[in-house]
Peer 1: 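Can you keep this structure in mind? I'll have questions shortly.
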Amino acid sequence: MSKILIRGAKVLGGEPQDVLIDGGTIAEVGTGLSAEGAQVVEAAGKVLLPGLVDLHTHLREPGREDSETVLTGTRAAASGGYTAVFAMANTFPVADTAGVVEQVYRLGQEHGYCDVQPIGAVTVGLEGKKLAELGAMYESAAGVTVFSDDGKCVDDAVIMRRALEYVKAFGGVVAQHAQEPRLTEGAQMNEGVVSAELGLGGWPAVAEESIIARDVLLAEHVGSRVHICHLSTAGSVEIVRWAKSRGIDVTAEVTPHHLLLTDELVRSYNPVYKVNPPLRTERDVLALREALADGTIDIVATDHAPHPHEDKDCEWAAAAMGMVGLETALSVVQETMVDTGLLTWAGVAERMSFKPAQIGQAKGHGRPVSAGEPANLTLVDTEYRGSVDPAGFASRSRNTPYEGRELPGRVTHTWLRGKATLVDGKLT
């Protein structure tokens, strides 16, 4: 593999430096570097970050290849600056056995656009009744350490307790989709003023908050780790903040869309805004931003949820829930967190690379940009502004809430262990 010299990049947003990649490793970081025969990437004014890590991606394969495949999903990830993604278990068949998680893992290895770490189901078939083969999935070639029934809540407290106890044996973590099902029957959007005016079934904040409160107490009781998926309300923030102050081992994620969009958009009845958990209020959005800034919320995760055209181009009630997010995530975080002064680029690296890699135990990812480290990197033109055009997405699906919206920043280059997967904004 040839040498690559990234010249004049602002590493983590700091002073301009040169970064020399030799093979799959960062060979040197400094100023005035040179290397005979190296491919030179002029990066003046751009920000160099460690490759991004997404702890919450839906790749749909096996079973829903009409929405996404491991190939198209990882191409979308590389386009967004990601070098590793964690693939959720709600596939067909469900990723609840060693065989299925190994299939997804090997597909990621074959395609090579980013590392794919499967997430195993907590319960058989996501049905919430019987624990899946957690130990077998951990011991498989995929080495699963994160387990989630995402898309459904593990609402049975006994099952959740057993899962937390089981994964403790090998240092795993249960990632909970916090949604009390009885409180959200028929729910179409956030329960509040807008849902009342539109006459749509409401998804109350307490349906999320009650499960989070229960699960942090369960985690404390058994001395295990719990991760909260796509936290979306101000009340949830306060519960997680309290749990952390008590020393409970809990981490939490927020999606880019919950940092930017509110339930007022549902007035358009455009199903592109239909998502689970639903878009909340402006008060919730501001609370989520503050919590991400102060570390109460640990990471940003996309919840990239691709759907085919026919599942979104229909009446609101019949539409599927979910949004694609891998290719726009960093731009939304720049707009909501960096350009507002809430986070530095070093803070973005912490929440979109270092910490998600740590939670998911993604080896070789979320590492410092320094000599001797794996060359998993992404280069960002932070001065760029442009309108989102889903026609140019690498994802197989186009269900983005940002179509036509101007967002800042553009990933120009991504390197996976020194191999370019994206060059000048184009996939290799």
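Worth knowing before you read on, the calculation uses all heavy atoms, side chains too, and leaves out hydrogens, waters and symmetry mates. What you are looking at is a predicted structure, and each value in this text was computed from that prediction instead of being measured.
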Peer 1: What I want to find out is whether E350 reaches K355 closely enough, with some N-O distance under 4.0 Å, to be called a salt bridge.
Peer 2: no

Peer 1: Parallel, tilted or perpendicular: which one describes the rings of Y166 and F170, with boundaries at 30° and 60°?
Peer 2: perpendicular

Peer 1: Is any side-chain heavy atom of I6 less than 4.5 Å from a side-chain heavy atom of D18?
Peer 2: no

Peer 1: When you compare the side chains of K3 and Q39, does any donor N or O come within less than 3.5 Å of an acceptor on the partner?
Peer 2: no

Peer 1: Does the pair E264/R267 count as a salt bridge with the N-to-O cut at 4.0 Å?
Peer 2: yes

Peer 1: Compare all side-chain heavy atoms of H304 with those of V85 and state whether any distance is below 4.5 angstrom.
Peer 2: no

Peer 1: Got a list of side-chain donor-acceptor pairs under 3.5 Å for residues 47-59, not counting sequence neighbours?
Peer 2:
{"residue": "D54", "atom": "OD1", "partner": "H56", "partner atom": "N", "Å": "3.3"}
{"residue": "D54", "atom": "OD1", "partner": "T302", "partner atom": "N", "Å": "2.9"}
{"residue": "D54", "atom": "OD2", "partner": "T57", "partner atom": "OG1", "Å": "2.5"}
{"residue": "D54", "atom": "OD2", "partner": "T302", "partner atom": "OG1", "Å": "2.5"}
{"residue": "H56", "atom": "ND1", "partner": "E253", "partner atom": "OE2", "Å": "2.6"}
{"residue": "H56", "atom": "NE2", "partner": "H58", "partner atom": "NE2", "Å": "3.4"}
{"residue": "H56", "atom": "NE2", "partner": "D150", "partner atom": "OD2", "Å": "2.9"}
{"residue": "H56", "atom": "NE2", "partner": "D303", "partner atom": "OD1", "Å": "3.0"}
{"residue": "H58", "atom": "ND1", "partner": "N90", "partner atom": "OD1", "Å": "2.9"}
{"residue": "H58", "atom": "NE2", "partner": "D150", "partner atom": "OD2", "Å": "3.0"}
{"residue": "H58", "atom": "NE2", "partner": "D303", "partner atom": "OD1", "Å": "3.1"}

Peer 1: Could you tell me whether F393 atom CZ has more than 12 heavy atoms of other residues or ligands within 6.0 Å of it?
Peer 2: yes

Peer 1: Return yes if some donor-acceptor pair links the side-chain N/O of T340 with the main-chain N/O of M337 below 3.5 Å, else return no.
Peer 2: yes

Peer 1: May I ask you to say whether R396 pairs ionically with E68, meaning some side-chain N is under 4.0 Å from a carboxylate O?
Peer 2: no

Peer 1: Only counting residues at least two apart or in another chain, list the ones meeting side-chain hydrogen bond (donor to acceptor under 3.5 Å, both in side chains) with D294.
Peer 2: R241, T296

Peer 1: Below 4.0 angstrom, N of the basic side chain to O of the carboxylate: do D389 and R405 qualify?
Peer 2: no

Peer 1: Salt bridge or not for E102 and R106, using N-O below 4.0 Å?
Peer 2: yes

Peer 1: Are the side chains of V254 and L259 in contact, using a 4.5 Å heavy-atom criterion?
Peer 2: yes

Peer 1: Thinking salt bridges, do E373 and R367 make one under a 4.0 Å N-O criterion?
Peer 2: yes

Peer 1: Side-chain contact test, heavy atoms from C-beta onward, threshold under 4.5 Å: evaluate it for L279 versus H257 and give yes or no.
Peer 2: yes

Peer 1: Quick check on R398: does its CZ atom have over 12 non-hydrogen neighbours (other residues, nucleotides or ligands) under 6.0 Å away?
Peer 2: yes

Peer 1: Decide, yes or no, whether a salt bridge links R60 with D66 under the criterion of side-chain N to carboxylate O below 4.0 Å.
Peer 2: no

Peer 1: I'd like to know whether CD of E310 has more than 12 heavy-atom contacts from other residues, nucleotides or ligands below 6.0 angstrom.
Peer 2: yes

Peer 1: Any idea which heavy atoms bring M137 and V101 closest together, and the distance?
Peer 2: SD-CG1, 3.8 Å

